[in-house]
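Here the structure is laid out as structure tokens; the discussion comes afterwards.
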There are 2 protein chains.
Amino acid sequence: MGFNARDYLESVSLDCVIFGFHNSQLKVLLLKMKYTHEWALPGGFVKQNETVEEAAARVLRERTSVGDIFLKQFRVFSDPERSKINPAVKDLIESGDHPDMEWFEKRFISIGMYALVDFTKVIAVPDYFSEEAVWKSLDEIGTLMLDHNLIVQKALNTLRLQISYQPIGYNLMPEKFTMPELQSLYETILGKTLDRRNFQRKILSFDILTKLPETKKGGAHKAPFLYEFNIENYKKALENGLYGGW
Amino acid sequence: MGFNARDYLESVSLDCVIFGFHNSQLKVLLLKMKYTHEWALPGGFVKQNETVEEAAARVLRERTSVGDIFLKQFRVFSDPERSKINPAVKDLIESGDHPDMEWFEKRFISIGMYALVDFTKVIAVPDYFSEEAVWKSLDEIGTLMLDHNLIVQKALNTLRLQISYQPIGYNLMPEKFTMPELQSLYETILGKTLDRRNFQRKILSFDILTKLPETKKGGAHKAPFLYEFNIENYKKALENGLYGGW
DNA sequence: ACAAAAGTGTTGTAAATACACCCATGC
DNA sequence: GCATGGGTGTATTTACAACACTTTTGT
């Protein structure tokens, strides 16, 4: 594969905050970079014939091997200082041992994208510049490369805002899930607890869920019902907005 | 002045949808281009040491001669076909008569910014590529250059969304204004009429207005009270969100 | 004195919140 | 049988929407 700078638009990069949900925790997919061993967001560049969305979808497909994903741009990061790499890395690049890294010395404006994916379907794959791809829950994220901490922060804000006027969950939940599981997702994103009964009433009032006749057995205690999203209504809600805050 | 392509980041441009409010109409500042006489959004490019926001602020200062403005990025437009200029313009550029236009043959990703300005303070100034700068109300906007109609459309959507969770009006209204005037702004942006009494109650509940002892005389009929924004509370509301839809 | 615009108050309804009891399952 | 989590229902509070009358001012 390799990497050929000539294939891409100059000055523009992408950073993807890929959210997944597992064990009642919101997680973000991170890469551990070669040479520098810093943690970073999966990213990429825009090819000559791609839109930004297509480029991000390509990056996502390559890193997660999932296709149908929720993907949205949320902000451009353009501080001229943002791509000032740390001096040790600069030396490394300029030593000439890693000619494929020179591209990174330039200034980039980065388009922040966030994605919501079904954790259980993802097979995380590192890219050409990284040696490892790992899910980290929000509190495990330490210091990231460049301004990537800021990018994650802003992506989270956007997600929190989105949740108050659009449905969330399809793409983040497995196909079948229980009401408490979905509530747990909402609580994690919002960072607060919600009343069980009120949550159920409200989410059902949106008319985006189908209650299945089955229950989820195996877990301790009373078996909860399973639900799935009614994709038709869900998409309608995405377009029209939900109107209502938590 | 002139224009020197070397000063700017490649592949990246800016388009600004500058909203003003006058005579109960929402207006957008448009430029009439030299040579082609197409109407276009004020735009620009990002200098080597600028953020996107700084670049947009510079563009705005140059076009409107106002400084303190509400400015926000709302979306990146990156369709590879978007900057395909129309064939006649292409011929014009390639004829070589206008060497300063060659820059425009490249592909650009454009960052859509929208701005809210006090109409009464603006002195509209065309840029190096345009011969005229004019306010047009939404229904007067005809076909614009490139994908600028789409950009205006998306800016409006964003503004409509913003109005439901953040205060709007400071920067769009003159310092002192009457309640009906402010209501008219809201009605214009939302595209629907609102109940006078409910509007007043709601907007006052946000605690962002100060009622002045004066009334606006001179108009026919009963003299309405004047209000001004309480900037401190207004900014707080901007940050915290308003929570509530119209 | 009348028309047109602005000020103000009330009331019904719907949505959000708070809260309590019963049921199933694993240990 | 008891602790834990899940299912369901109801009362209270709060926000929204609909609506009517009075006041001021210009003609």
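This structure is a prediction, so every number in the text was calculated from the model and none was measured. Protein chains get the first letters and strands the later ones, always in sequence-line order, with residue 1 at the start of each.
Atom CG in A/L190 sits roughly 15 Å away from atom C1' in C/dA16 (whole-Å rounding). In this structure, CG of A/L204 is placed 14 Å from P of C/dA16, rounded to the nearest angstrom. Taking atom NZ on A/K217 and atom P on D/dG6, their separation rounds to 16 Å, with Å as the unit. If you measure from atom CD1 of A/I203 to atom P of D/dT8, you get 16 Å, rounded to the nearest angstrom. Distance B/K192 NZ to D/dA18 P: 10 Å, rounded to the nearest Å. Atoms CD (A/E181) and P (D/dG5) sit 14 Å apart, rounded to a whole Å.
In this structure, a donor-acceptor pair under 3.5 Å is absent between the side chains of B/T51 and A/D79. Side chains of A/N157 and A/R160: a donor-acceptor N/O pair is absent below 3.5 angstrom, by distance only.
Checked against the 6.0 Å centroid threshold, A/Y186 and A/F199 count as a close aromatic pair. Between B/F206 and B/Y234, the ring center distance fails the sub-6.0 Å criterion.
Between the side chain of A/N230 and the backbone N or O of A/L209, no donor-acceptor pair lies under 3.5 Å.
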Along nucleotides 4-13 of chain C, 5' to 3', which nucleotides get a B, which get an S, and which get a -, given that the test is a protein heavy-atom distance under 4.0 Å?
BBBBBBB---
Using side chain to side chain donor-acceptor pair (under 3.5 Å), reason through B/E228 and B/Y170 one step at a time and then give a plain yes or no.
CA-CA 9 Å; B/E228 63 182 11; B/Y170 186 70; over 6 Å; no
